[in-house]
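Written out below as structure tokens is the structure these notes cover.
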Amino acid sequence: MSDAGQFSGSATIDPLARSSPGCYRDEAVVVVHERHDPPPDRIPITRTRHFGLHRDGHRVLVSHRLEPHELDNDVAGKLADELFAPGWLTGAEVFERVFTGIVRSTVDDSVDAWSTFYRNTLARIRLPRDAGGAPHSSISAMVPVYSRVLELVPPGRVLDVGSCFGFLALLLAERPGTAVVASDIANGTVTLLRTIARELGLPLGTLVCDGARVPLPDQAVDTVTVIHLLEHLDPEHGEAVLAEAIRLARRRVVVAVPFEAEPTAAYGHLRTFDTAELHRLGTGTGLPYEVDEHHGGWLVIDSA
């Protein structure tokens with residue numbers, strides 16, 4: 001399973017930056033809604049069910065026809081399936097920029113655009129599992145992962161490392177008796193999550209930091225969650241993140257990773273995992289742990 005809900009965290013993208021109605025533009029990509037048609041001299045490279053791909057000088061130009069009710073995290077799956085898997089576009093940063101552009105060009109106001117995206121996605125996550133999306137959609141793939149985390153994390157203070165969009169952090173913050181701090185290395189991502197939490201009326205602490213260097217004291221939280229993050233990191237960095245999680249957790253560390261034959265480059269994956277590798281990581285901690293499979297691999301460490 002690939003984790004389209006977890007980007008690699010490009011710090012150069014400002015998801016709330018000013019943009020023109022129906023158009024997102026940065027130094028690498030241009031994304032337009034087809035109600036603002038590309039000029040007729042643009043020669044399309046390809047046309048898919050949801051997107052058109054063109055060239056705009058040195059930049060990629062993507063047109064689309066998504067409407068606000070379609071604006072949710074399944075956009076990631078559509079992009080991956082239609083433009084990145086066939087090889088029309090490559091690279092995690094291009095993926096993130098185009099994704100941001102689709103959200104921003106669908107609804108004119110930046111906060112309204114992202115609020116629409118979050119509310120639609122969270123509503124889909126809360127649907128019964130068989131109604132959460134198409135069988136292989138980005139949302140339906142993550143619903144059982146989020147459900148398992150909610151089962152494994154007891155009430156108390158929680159640090160979610162590598163939150164990205166922060167859907168899990170928001171779901172945890174909804175629960176009585178749970179105080180959540182969401183962290184990510186990308187300032188723009190954390191600013192966006194903080195803004196949306198405020199729009200939703202949810203109490204949520206945030207930190208901008210590398211998961212291997214979190215500015216909190218030892219045993220600062222009860223539980224640390226590291227959900228679909230380690231596949232984005234090289235082995236040395238990943239082990240440093242795990243060691244930091246153990247330092248911070250009074251009770252439990254919950255790690256989840258996708259099981260893939262090859263790393264999914266569009267989502268910024270750098271490595272793959274299997275149960276043997278998770279056992280190796282668990283044994284290396286010197287603490288009691290469990291490894292199992294549930295829509296991917298799980299390593300649960302008893303840090304108490």
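All figures in this text were calculated on a predicted structure; none of them were measured in a lab.
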Do [X] and [Y] come within less than 4.5 Å of each other through their side chains, counting heavy atoms only?
X	Y	answer
L170	L200	yes
V255	F273	no
Y24	V29	yes
W88	I45	yes
V241	L229	yes
T195	V111	yes
V181	V221	no

Inset, instruction - Using a cut-off of 6.0 Å, state whether more than 12 heavy atoms not belonging to R59 lie near its atom CZ. - result: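 Yes.
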Inset, instruction - Give a yes or no on this: more than 12 heavy atoms of other residues, nucleotides or ligands lie within 6.0 Å of atom CD of E290. - result: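 It does not: E290 CD has 12 such atoms or fewer within range.
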Inset, instruction - Could you pull out all residues at least two apart from H237 that satisfy ring pair (Phe, Tyr, Trp, His ring centres under 6.0 Å)? - result: none
Inset, instruction - For F51, enumerate each residue passing the ring pair (Phe, Tyr, Trp, His ring centres under 6.0 Å) test, keeping only those at least two apart in sequence or located in another chain. - result: none
Inset, instruction - Enumerate the residue pairs fulfilling side-chain hydrogen bond (donor to acceptor under 3.5 Å, both in side chains) with a member in residues 198-209, sequence neighbours excluded, ordered by first and then second residue. - result: R194-T206
Inset, instruction - Kindly determine whether R271 and D234 satisfy salt bridge (charged side-chain N to carboxylate O under 4.0 Å, His left out), including the steps that lead there. - result: CA-CA 7 Å; R271 59 188 295 207; D234 63 54; over 6 Å; no
Inset, instruction - Can you measure from CG (D302) to CD1 (I246) and round to the nearest 0.5 angstrom? - result: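 Going from CG on D302 over to CD1 on I246, the span is 11.0 Å.
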Inset, instruction - Starting at CD of E174, measure out to CG of L202 and round the result to the nearest 0.5 Å. - result: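 Between E174 CD and L202 CG, I get 5.5 Å after rounding to 0.5 Å.
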Inset, instruction - Start with the C-alpha gap between R250 and D222, add the side-chain angles, then the distance that decides, and say whether salt bridge (charged side-chain N to carboxylate O under 4.0 Å, His left out) holds. - result: CA-CA 5 Å; R250 285 190 290 267; D222 296 298; 3.2 Å; yes
Legend entry - Aromatic plane relationship, H64 with H33 - under 30° parallel, 30 to 60° tilted, over 60° perpendicular: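 The rings of H33 and H64 stand perpendicular, inter-plane angle above 60°.
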Inset, instruction - Test salt bridge (charged side-chain N to carboxylate O under 4.0 Å, His left out) on K78 and E70 and set out the steps. - result: CA-CA 11 Å; K78 292 180 176 71; E70 300 175 280; 5.8 Å; no
Legend entry - Distance-only side-chain donor-acceptor flag, D160 / S163, under 3.5 Å: yes
Legend entry - Donor + acceptor pair across side chains of E34, S63 (<3.5 Å): yes
Inset, instruction - Please step through side-chain hydrogen bond (donor to acceptor under 3.5 Å, both in side chains) for the pair E260 and T264, ending with a clear verdict. - result: CA-CA 8 Å; E260 302 175 297; T264 304; 2.4 Å; yes
Legend entry - Aromatic ring proximity H279/Y289, centre distance under 6.0 Å: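 Centroid distance H279-Y289: below 6.0 Å, so yes.
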Inset, instruction - Kindly say whether the aromatic ring centers of F99 and Y267 come within a distance under 6.0 Å. - result: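 No: the rings miss the under 6.0 Å criterion.
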